[in-house]
2 protein chains.
Amino acid sequence: MGNWSLSKPGKPDPLNSRLGYLLKRVSTAAMGDLSLRLQEVDLREVDATVLLLIERTPNIIASRIGRILDIKTANMVPLLRKLEDKGLIRREPIDGKSNGLQLTAAGARKLSETRAILDEFERDLEQRVPEEHRDHIVPALQAIWATARRSDKKS
Amino acid sequence: MGNWSLSKPGKPDPLNSRLGYLLKRVSTAAMGDLSLRLQEVDLREVDATVLLLIERTPNIIASRIGRILDIKTANMVPLLRKLEDKGLIRREPIDGKSNGLQLTAAGARKLSETRAILDEFERDLEQRVPEEHRDHIVPALQAIWATARRSDKKS
DNA sequence: TATTGTTATACTCTATAACTATA
DNA sequence: TATAGTTATAGAGTATAACAATA
């Protein structure tokens with residue numbers, strides 16, 4: 001345990017003892033892996049995440065998704081249009097300015113496939129963490145995430 | 001401890017119980033924070049990292065840095081040129097095709113300032129992890145990183 | 001033949017600005 | 001007045017292809 005954060009004088013920390021560096025490299029590598037896996041369902045990570053949100057909260061509106069995932073509304077437009085063009089989601093007017101988003105039957109089917117990929121990805125990732133650390137990494141990241149200042153609170 | 005990975009049937013996992021999702025969000029937020037901090041020395045994260053590598057291994061060549069940091073050699077060119085234009089690094093021919101990279105005096109001074117920022121960022125980040133998890137997160141990430149298939153082995 | 005370095009370019013992602021219309 | 005949605009565009013970051021020169 002834990003003198004990894006101490007640098008010997010003269011010999012500076014190797015990069016891979018820095019939490020910030022590790023977070024970036026591990027995240028990038030993991031997302032690259034996930035992207036490859038999601039090619040099988042022809043979706044990007046963000047598409048999969050949006051489908052998960054729509055499933056979890058039917059009639060969710062675009063701007064709320066954007067707030068949760070930190071996506072500008074301007075960038076939500078082509079994202080949702082592509083999902084709609086693929087027949088995976090449907091928009092139903094809530095009032096004059098908002099559209100509630102729902103999965104189509106095809107979208108629900110696609111999400112089933114996708115969830116299997118996501119779950120396997122998740123399992124594989126967790127198994128690469130040695131047992132003695134495994135139960136700590138998610139709570140640790142959640143704690144960092146919970147203390148990040150950001151616009152929206154949930155998820 | 002640890003039933004965060006279990007989803008209740010019907011109620012799917014919230015996103016922020018997924019390791020992959022947390023890695024991405026925490027990494028993005030942390031890098032955004034670091035970018036802001038590095039504005040004080042007019043450097044990006046990647047610039048700071050490259051300066052660290054040059055300091056650690058004087059006469060390192062561009063292609064080796066690219067291999068370590070997963071930066072295509074084509075993209076190393078403008079990166080190094082900018083650092084050279086700022087007077088932070090110097091290139092000295094090793095042979096007819098390679099240039100050894102070194103910090104200039106100004107580069108060494110800049111890196112001192114930069115390292116202070118990096119170290120404070122690191123400390124702040126670590127302190128956001130509850131004590132009971134703190135000694136686990138770096139080893140956990142190192143383990144994931146160590147098992148990522150990639151071109152280069154070190155750092 | 002593999003490596004180093006370079007130029008030019010394309011693609012993706014994200015950010016910004018201006019705008020319309022509704023709550 | 002704030003929110004929802006849209007369009008168009010700019011910028012960064014990254015990837016690809018073609019190339020020259022050296023080990």
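A, B, ... follow the sequence lines: proteins, then strands. Residue 1 opens every chain.
Residues meeting the side-chain contact (heavy atoms from CB on, under 4.5 Å) test with E92(B), sequence neighbours left out: R90(B), Q102(B). Every residue meeting the side-chain contact (heavy atoms from CB on, under 4.5 Å) condition with E132(B), not counting sequence neighbours, appears here in chain and number order: P130(B). For S63(A), the side chain to side chain donor-acceptor pair (under 3.5 Å) partners two or more places apart in sequence, or in a different chain, are R67(A). For N75(B), there are no side chain to side chain donor-acceptor pair (under 3.5 Å) partners two or more places apart in sequence or in a different chain. For E84(B), the salt bridge (charged side-chain N to carboxylate O under 4.0 Å, His left out) partners are R91(B), not counting sequence neighbours. In this view, R123(A) satisfies the side chain to side chain donor-acceptor pair (under 3.5 Å) rule with no residue, not counting sequence neighbours.
Non-hydrogen atoms lying under 4.0 Å from DNA chain D are contributed by R44(B), all within residues 36-46 of chain B. For DNA chain C, the residues of residues 71-90 of chain B within the heavy-atom distance limit of 4.0 Å (strictly under) are T73(B), A74(B), V77(B), R81(B), sorted by number.
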Please tabulate, one pair per line, all N/O donor-acceptor pairs under 3.5 Å involving side-chain atoms of residues 104-111 of chain A, not counting sequence neighbours.
residue: T104(A); atom: OG1; partner: G87(A); partner atom: O; Å: 2.5
residue: T104(A); atom: OG1; partner: L88(A); partner atom: O; Å: 3.2
residue: T104(A); atom: OG1; partner: A106(A); partner atom: N; Å: 3.4
residue: T104(A); atom: OG1; partner: G107(A); partner atom: N; Å: 2.9
residue: K110(A); atom: NZ; partner: V41(A); partner atom: O; Å: 2.9

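One can place CG of L69(A) at 11 Å from P of dT14(C), the figure rounded to the nearest angstrom.
I94(A) forms part of a hydrophobic cluster together with I61(A), judged by ILVMFWY side-chain heavy-atom separations under 4.5 Å.
For the residue pair W145(B) and A29(A), the shortest heavy atom distance occurs at CZ3-CB, 4.0 Å.
Each of S63(A) and K24(A) has a nearest nucleotide on DNA chain D; the 5'-most of these lies closest to S63(A).
Under the salt bridge (Lys or Arg N to Asp or Glu O under 4.0 Å) criterion, the residue pairs touching residues 34-45 of chain A are D33(A)-R37(A), R37(A)-D124(A), D42(A)-K86(A), R44(A)-D47(A), E45(A)-K24(B), with sequence neighbours excluded.
In the 5' to 3' direction, nucleotides of DNA chain D lying under 4.0 Å from heavy atoms of chain B begin and end at dG13(D) to dA23(D).
OP1 or OP2 of dT4(C) sits under 4.0 Å from a side-chain N or O of R67(B).
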